[in-house]
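Working notes, beginning with the structure itself.
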Amino acid sequence: MPNSIPNDIYQYSLHSAYTAGLQTGGPPVAFLTNHGTYGYGFFADGTTMLQVDRTAYTFSSTGKAAKAAQDAQLPFVMVCVFQPERRLGVDGMFGNMTVLRDMFKNGEGQKVNVPIPFAVRGAFSKVKTKEGEWKNVQGTIFGFAVPKWASGVSGGWDGEQANGLRCAFLSGDKGTGGTVEDFECVTGSFLEFAKMGRFHLGMPFGAEAAEFEKMDLA
């Protein structure tokens with residue numbers, strides 16, 4: 001693979017293959033830092049992986065965060081060397097999931113025709129995740145805004161709350177978090193994001209390649 005440059009996205013497998021049942025194999029956690037400092041993905045057991053500052057975390061069904069085992073495999077994952085190009089304070093520019101998505105979709109020339117890595121950092125009055133809900137908490141949300149045309153490639157557009165945002169939360173004490181469904185941040189929080197450079201897609205290999213070739217993903 002070519003050397004990683006800031007905001008290039010490295011992805012393993014297709015989201016459509018993962019949701020169709022190809023949920024084994026993939027690169028181990030130890031491999032992630034070869035190509036990224038921040039990332040989002042899924043382990044073989046279906047739990048979410050969030051990489052923050054080169055460290056990968058996993059979340060229990062109740063939202064307890066723990067460092068992921070280095071040999072744990074990721075049948076679907078997206079990572080990048082995250083280097084923000086823009087930073088915005090909350091100040092009415094964004095403040096929750098819906099406003100954030102609308103900003104990417106409609107605002108300031110940053111339309112989501114390519115994936116956009118982003119982070120929301122600071123204080124939150126509420127963070128609702130698949131695993132639980134927390135109020136008045138500090139932490140980081142990281143993820144990718146995915147254009148609708150790429151739904152089968154990178155996901156983000158399936159389910160009742162489809163909005164193109166794939167992201168997870170890690171509390172400031174690194175003790176809790178999970179897959180973000182909604183959030184509300186307060187003054188002092190800020191959004192960082194960048195436009196993707198190149199997109200690198202690795203397909204399933206080994207035993208998983210044979211299963212992948214049998215799938216109808218059209």
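This structure is a prediction, so every number in the text was calculated from the model and none was measured.
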Can a donor-acceptor pair be found between the side chains of E208 and T24 at a distance below 3.5 Å? yes
Answer whether the closest heavy-atom distance between the side chains of [X] and [Y] falls below 4.5 Å.
| X | Y | result |
| --- | --- | --- |
| P115 | P147 | yes |
| K174 | V52 | no |
| E131 | T179 | yes |
| E85 | N7 | yes |

Point-to-point distance, once rounded to the nearest 0.5 Å, from CE of M78 to NE2 of H200: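 Nearest 0.5 Å value for the CE-NE2 distance: 12.0 Å.
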Nearest 0.5 Å please: distance from the CD atom of E184 over to the OG atom of S189. 11.5 Å
Under 3.5 Å: donor-acceptor pair, side chain of [X], backbone of [Y]:
| X | Y | value |
| --- | --- | --- |
| Q51 | V79 | no |
| R166 | Y40 | no |
| Q11 | S13 | yes |
| T176 | S171 | no |

How are the rings of F76 and H15 set relative to one another: parallel (under 30°), tilted (30 to 60°) or perpendicular (over 60°)?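 Geometry flag for H15 against F76: perpendicular rings.
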Going by the angle between their ring planes, with limits at 30° and 60°, are Y18 and F42 parallel, tilted or perpendicular?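 It falls in the parallel class, under 30°.
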Starting from the C-alpha separation in whole Å, work towards a yes-or-no answer on side chain to side chain contact (heavy atoms under 4.5 Å, CB included) for F59 and L170. CA-CA 9 Å; F59 307 99; L170 180 68; 4.1 Å; yes
If I compare all heavy atoms of G155 with all of V146, which pair ends up nearest, and what's the gap?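 For G155 and V146, the tightest heavy-atom pair comes out as O-CG1, 3.4 Å.
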Under 4.0 Å between a Lys/Arg side-chain N and an Asp/Glu carboxylate O for E192 and R121?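 Salt bridge flag = yes for R121 with E192.
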F82 and F142: aromatic ring centres closer than 6.0 Å? yes
Centre-to-centre under 6.0 Å for Y38 and F144, is that the case here?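 No, ring centres 6.0 Å or more apart.
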According to a 4.5 Å side-chain heavy-atom criterion applied to Ile, Leu, Val, Met, Phe, Trp and Tyr, with indirect links allowed, do L32 and V81 form part of one hydrophobic cluster? no
